[in-house]
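Before any comments, here is the structure.
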Amino acid sequence: MRIDKFLKVSRILKRRTVAKEACLGDKIFVNGKEAKPSCRVKTGDIVELHYAAGTVKFRILEVKEFVKKDEAQSMYEVIA
């Protein structure tokens, strides 16, 4: 799955266009490398998201095309 879609489906970011802009703005890293919106992610990948207020680091636990709002948090585990 593409990183921009994963961020939207998992509800880490609200819209896919916001995720795309974050990737293009060098704010998202997958396994320590800058991620473009088309970067493929899989279970076990470590993603870093740089906000203005700080950084969120999480591990992808599962990749699903569609999830309910209640299940979205089960797709990742926050590390730091």
Side-chain angles (χ1 to χ4, degrees):
M1 177 182 287
R2 293 168 53 116
I3 185 67
D4 59 345
K5 185 170 182 180
F6 177 83
L7 292 171
K8 190 253 186 226
V9 170
S10 64
R11 291 173 171 78
I12 293 171
L13 294 176
K14 193 168 187 170
R15 294 187 314 264
R16 192 167 174 179
T17 55
V18 173
K20 181 180 176 182
E21 290 170 5
C23 288
L24 295 174
D26 300 329
K27 297 186 184 308
I28 298 177
F29 294 82
V30 176
N31 296 326
K33 297 179 183 176
E34 287 183 19
K36 295 187 178 190
S38 62
C39 176
R40 295 282 177 183
V41 293
K42 60 189 178 313
T43 303
D45 284 348
I46 305 293
V47 179
E48 289 182 57
L49 180 58
H50 298 275
Y51 288 105
T55 302
V56 175
K57 192 174 184 179
F58 59 91
R59 176 180 295 113
I60 297 175
L61 298 178
E62 59 184 332
V63 177
K64 293 182 180 178
E65 291 293 321
F66 303 101
V67 292
K68 294 180 181 177
K69 186 177 182 180
D70 304 350
E71 301 169 357
Q73 258 190 326
S74 69
M75 293 179 68
Y76 62 92
E77 167 188 46
V78 176
I79 299 171

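More than 12 heavy-atom neighbours from other residues, nucleotides or ligands sit within 6.0 angstrom of CZ on R11. Applying the 6.0 Å contact sphere to CD of E62 captures more than 12 heavy atoms from other residues, nucleotides or ligands.
Between K8 and K14, the closest heavy-atom pair is CG-O, 4.0 Å. Contact detail for H50 and T55: the closest heavy-atom pair is ND1-OG1, 3.0 Å. I3 and K36 get closest at one heavy-atom pair: CG2-O, 3.3 Å. Residues A19 and L13 share a closest heavy-atom pair of CA-CD1, 3.6 Å. Shortest non-hydrogen contact noted between K57 and E48 is CG-CG, 3.8 Å. In this structure, A72 and S10 approach most closely via the heavy-atom pair CB-O, 3.5 Å.
A distance of 12.0 Å separates OG of S74 from NZ of K68, quoted to the nearest 0.5 Å. To the nearest 0.5 Å, atom NZ of residue K33 and atom SG of residue C39 are 9.5 Å apart.
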Worked check of side-chain contact (heavy atoms from CB on, under 4.5 Å) between T43 and L61 = CA-CA 5 Å; T43 303; L61 298 178; 5.7 Å; no
F58/I12 under side-chain contact (heavy atoms from CB on, under 4.5 Å): CA gap, chis, key distance, verdict | CA-CA 10 Å; F58 59 91; I12 293 171; 3.3 Å; yes
Please test V9 against E65 for side-chain contact (heavy atoms from CB on, under 4.5 Å), starting from the C-alpha separation and ending with a verdict.
-> CA-CA 7 Å; V9 170; E65 291 293 321; over 6 Å; no
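With hydrophobic clusters built from ILVMFWY side chains whose heavy atoms lie under 4.5 angstrom apart, M1 shares a cluster with L7. The hydrophobic clustering, which links ILVMFWY residues whose side-chain heavy atoms are closer than 4.5 Å, places Y51 and F29 apart.
With respect to the salt-bridge test (charged N to carboxylate O, under 4.0 angstrom), the residues K20 and D4 do not qualify.
Cation-pi geometry between K5 and F66 is met: the NZ or CZ atom falls under 6.0 Å from the ring centre, inside 45° of the normal.
For residues 70-80, the pairs satisfying salt bridge (charged side-chain N to carboxylate O under 4.0 Å, His left out) are R59-E77, with sequence neighbours left out.
Annotation for I79: hydrophobic cluster partners, listed by chain and number, are I46 (ILVMFWY side-chain heavy atoms under 4.5 Å, direct or chained).
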